[in-house]
Amino acid sequence: MDFKYDVIVIGAGHAGCEAAAAAANMGSKTCLITIDMTKIAQMSCNPAIGGIAKGQIVREIDALGGYMGIVTDNSSIQFRMLNRSKGPAMWSPRAQCDRAGYVRNWRSVLDSIPNLNIWQDTVTELEVEHGRVTGVTTLEGATFKARSIVLTAGTFLNGLMHIGHVSMPGGRISEPASYGLTESITRHGIRSGRMKTGTPVRIDSRSVDFSMMEKQEGEKDFHRFSFMESERNLKQMCCWTCFTNERVHEILRSGLADSPLYNGQIKSIGPRYCPSIETKLFTFPDKDRHQLFLEPEGEDTNEMYLNGFSSSMPMNIQIQALKEIPAFRDLIVYRPGYAIEYDYFDPTQLSATLESKVIKGLYMAGQVNGTTGYEEAGGQGLVAGINAHSGAHGLEPFILKRDEAYIGVLIDDLITKGVDEPYRMFTSRAEYRILLRQDDADIRLTEKAYRTGLASGERYHRMTEKRDAIERLIQFAKGFSVKPSLINPVLEKLGTTPLREGCKLADLVNRPQITLLNIAPHIKALANELDNIESRRRDEIIEAAEIRMKYSGYITRERIIADKMVRLENIRIKDKFDYDTIQSLSTEARQKLSRINPETLAQASRIPGISPSDVNVLLVLMNR
């Protein structure tokens, strides 16, 4: 067996799977090293993919040629489009998945990639010579050589789990932690820290009184995560909601003295936007109830996930408190919730390619960069895998900008601002979110991925067909005239003002009450135009064209703003200054610019503490 590779990926979570698949599909001889081959792409916490802003990331991963979208569709047991009541920039797909099916589907994908090998072992040592990676050594004594290495170890680096006063080493429940690798990396000057996350109790559905809960149905329309032809073949299932009550809170408060979060046992920072139930009691002391979501783990299991009740409280306190909820009075659990602390590395030590600024050839992705969430991990893993391949073969780097993708926003935030708590993506973090909608991720990104060599010719052809069909429909609507005498009775029925004079169909579609589908039965030419669209993609194309028309003004305005910022993005300042010697900069600016060494003037302007006057000083110096 040959232990020499172009790319080695450490860890087979969501980041590692995308990284390994990308590097191998682009032509690198790749090895994915994981502690347990049966837990590849394990959904350690919630068995769901997507959500607000996260769903957009998954669509982007798919548009770039990644697999998370396809695997999710094939594993989905419930699909919903969140934020429908808001504008399309906020629409976010989310799918509940069959946990075991998700793992099987990912394993099938990886096994089908010719250039990819899998090795079951624990990496303990990073081999570095003259500031560049050369390979890794494992716990079982194997030595692998590689030109590029992608670290995606998730929560396994020096992982420590907590349930009340009980602490135990591990990267996930019943899985060993990884020791030695953090120290192997930090000895080269890379800064590390500790973070915390948690997961809720798992419940036996046979012990739940569903009559005391509210049913939450999924959607069965055309929406999918993948732009390719993927199917939801599994049985579609319901989620359920209920609430805590004051009696639940009283029991939880009685156990706070034994909570690792409040007795000093846990010293690291947890995720702000996915707090434990005990944190909610402190943060929202006036709330007498908190909503919980009971979600199925799969189509052929009784196990259910209690979203909203993440906890590291003692086991008996968790169970006793939950039994005070009417639906759980006969509760039986598979295991209690727990918290886990783990090592991460300061992401400001990375470039936009996710390559380390300290050790050449070392790329990092996922929770080791201080993020939380499968989707954030997958997006980073894909970019790291592409660049690991490019770095191994001397190719151009692959970088996504803030106006191109949520993944670009994510990476830029990490490397520019750093993290002081687990980072989670939201639509509010993207200043150009009307440009980064979930409906057009393929049109934004697939051509870029095709030129890079990751997106397939079939994917590129499907994108161009869709793009052309959307454009034809928009041009038809802009050119077709509507007469008041023919359409006014329909407009009145639809609850909108009748026309006083003729107008273009596109202007009519701009009205909130009008859609292409509800007006088409009354305009024969439009109905014929819609009938000419390929049936399997008809709804997707109609929706995308309608969004473009209704929001054209906002899209144009945001594009102009984004293009202005490109001027600063094109002014490269990396390694051009000794910031410590520029006395006209503020002390804070000198310190932060020296530490981060930004690539461009635009990136410098986004560093917290860098003022407009500091940016002007750098502009003047660049002109000189």
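Note: hydrogens, waters and symmetry copies are ignored here, and every other heavy atom, side chains too, is used. Fair warning: this is a prediction, and the values are worked out from it, not measured in the lab.
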Residues Gln216 and Thr241: side-chain donor-acceptor under 3.5 angstrom = no

Nearest non-hydrogen partners of Leu32 and Gly16, listed with the distance = CD1-O, 4.0 Å

Min side-chain heavy-atom separation Met37-Arg107 under 4.5 Å = yes

For the pair Leu382 and Ile386, evaluate side-chain contact (heavy atoms from CB on, under 4.5 Å) and give the outcome as yes or no after the intermediate values.
-> CA-CA 6 Å; Leu382 187 71; Ile386 294 171; 4.3 Å; yes

Polar side-chain atom of Ser356 near backbone of Val358 as donor-acceptor pair, under 3.5 Å = yes

Nearest heavy-atom contact between Gln96 and Cys239 is OE1-SG, 4.0 Å

Can you name the nearest heavy-atom pair linking Phe345 to Thr186, along with the distance?
-> CE2-CG2, 4.0 Å

Please walk me through it: do Arg172 and Ser44 pass side chain to side chain donor-acceptor pair (under 3.5 Å)?
-> CA-CA 7 Å; Arg172 261 191 310 249; Ser44 309; 2.9 Å; yes

For Leu306, the option from Val333, Ile203, Ile277 that meets side chain to side chain contact (heavy atoms under 4.5 Å, CB included) | Ile203

Between the side chains of Gln56 and Ser92, does any donor sit under 3.5 Å from an acceptor?
-> yes

Donor-acceptor contact present, side-chain Gln380 to main-chain Gly366, <3.5 Å = yes

Evaluate the side chain to side chain donor-acceptor pair (under 3.5 Å) criterion for residues Ser390 and Asn387: first the C-alpha distance (whole Å), next the side-chain angles of each, then the deciding distance (0.1 Å), finally the verdict.
-> CA-CA 5 Å; Ser390 298; Asn387 283 305; 4.7 Å; no

Would you say the side chain of Leu593 lies within less than 4.5 Å of the side chain of Ile610, judging by non-hydrogen atoms?
-> yes

Give, for atom SG of Cys31 and atom CG of Asp6, the distance between the pair rounded to the nearest 0.5 Å.
-> 11.5 Å

When rounded to the nearest 0.5 angstrom, what is the spacing between OG1 in Thr372 and CE in Met195?
-> 9.5 Å

salt_bridge(Lys401, Glu569) N-O dist < 4.0 Å = no

Closest approach of Ile61 to Glu375 (non-hydrogen atoms, all atoms of both residues) = CD1-O, 4.0 Å

Residue pair Ala589 / Asp614: nearest heavy atoms and the distance that separates them = CB-OD2, 3.4 Å

Evaluate the side-chain contact (heavy atoms from CB on, under 4.5 Å) criterion for residues Phe426 and Arg433: first the C-alpha distance (whole Å), next the side-chain angles of each, then the deciding distance (0.1 Å), finally the verdict.
-> CA-CA 10 Å; Phe426 289 101; Arg433 57 182 174 270; over 6 Å; no

To the nearest 0.5 Å, how far apart are CD1 in Ile149 and CG in Leu126?
-> 5.0 Å

Audit row: Cys97, Thr72, side-chain contact (heavy atoms from CB on, under 4.5 Å) steps and yes/no = CA-CA 7 Å; Cys97 293; Thr72 299; 3.8 Å; yes

Distance-only, no hydrogens or angles: does the Arg59 side chain make a donor-acceptor pair with backbone N or O of Gln438 under 3.5 Å?
-> yes

Donor + acceptor pair across side chains of Ser351, Thr353 (<3.5 Å) = yes

Hey, does the side chain of Ser148 reach the backbone of Ala388 with a donor-acceptor pair shorter than 3.5 angstrom?
-> yes

Hey, is the main chain of Phe309 close enough, under 3.5 Å, to the side chain of Ser311 for a donor-acceptor pair?
-> no

Taking the six-membered ring for Trp, are Tyr5 and Phe144 parallel (under 30°), tilted (30 to 60°) or perpendicular (over 60°)?
-> tilted

In Å, rounded to the nearest 0.5 Å, how long is the span from CG of Asn369 to CG of Leu414?
-> 6.0 Å

Would you check, one step at a time, whether the test side-chain contact (heavy atoms from CB on, under 4.5 Å) holds for Leu362 with His188?
-> CA-CA 12 Å; Leu362 174 63; His188 296 282; over 6 Å; no

Leu292 and Thr244, any side-chain heavy atoms less than 4.5 Å apart = yes

Within a strict 4.5 Å, meaning less than it, do heavy atoms of the Thr371 and Leu410 side chains meet?
-> yes

Please check if the side chain of Lys592 supplies one atom and the backbone of Pro608 the other of a donor-acceptor pair under 3.5 Å.
-> yes

Do Val419 and Pro347 have side-chain heavy atoms sitting under 4.5 Å apart?
-> yes

If you measure from the Lys or Arg side-chain nitrogens to the Asp or Glu carboxylate oxygens, is any gap between Glu355 and Arg132 under 4.0 Å?
-> no

Counting only heavy atoms not in Ile269, do more than 12 sit closer than 6.0 Å to its CD1 atom?
-> no

Phe284: what forms a side-chain contact (heavy atoms from CB on, under 4.5 Å) with it, not counting sequence neighbours?
-> Lys280, Lys287, His290

Does Arg187 pair with Glu125 as a salt bridge, N-O distance under 4.0 Å?
-> yes

Under 4.0 Å between a Lys/Arg side-chain N and an Asp/Glu carboxylate O for Glu376 and Arg429?
-> no

Quick one: are Glu175 and Phe156 in side-chain contact, heavy atoms under 4.5 Å?
-> yes

NZ/NE/NH1/NH2 to OD/OE distance under 4.0 Å, Asp346 and Arg595 | yes

Got a donor-acceptor contact below 3.5 angstrom from the Gln318 side chain to the Gly337 backbone?
-> yes

How many angstroms lie between atom CD of Gln349 and atom CD1 of Ile190, to the nearest 0.5 angstrom?
-> 6.0 Å

Would you check if the side chain of Thr152 reaches a backbone N or O of Ile10 as a donor-acceptor pair within less than 3.5 Å?
-> yes

Under 3.5 Å, side chain of Asn105 to main-chain N/O of Tyr102, donor-acceptor pair present?
-> no

State, without any angle test, whether Ser76 and Asp73 hold a side-chain donor-acceptor pair at a distance under 3.5 Å.
-> no

Taking only Lys NZ, Arg NE, NH1 and NH2, and the carboxylate oxygens of Asp or Glu, determine whether Asp413 and Arg402 approach each other closer than 4.0 Å.
-> yes

Using a 4.5 Å cut-off on heavy atoms from C-beta on, say whether the side chain of Thr137 contacts that of Glu127.
-> yes

Are any side-chain N or O atoms of His165 and backbone N or O atoms of Pro260, one a donor and one an acceptor, separated by less than 3.5 Å?
-> no

Rounded to the nearest 0.5 Å, what separation is found between the CD1 atom of Ile163 and the OG atom of Ser312?
-> 9.0 Å

Is it true that atom CZ of Arg191 has more than 12 heavy atoms of other residues, nucleotides or ligands lying nearer than 6.0 Å?
-> yes

Below 4.5 Å, heavy atoms only, C-beta onward: do Leu151 and Ile185 meet side chain to side chain?
-> yes

Correct closest heavy-atom pair for Ser167 and His162 would be OG-ND1, 3.0 Å

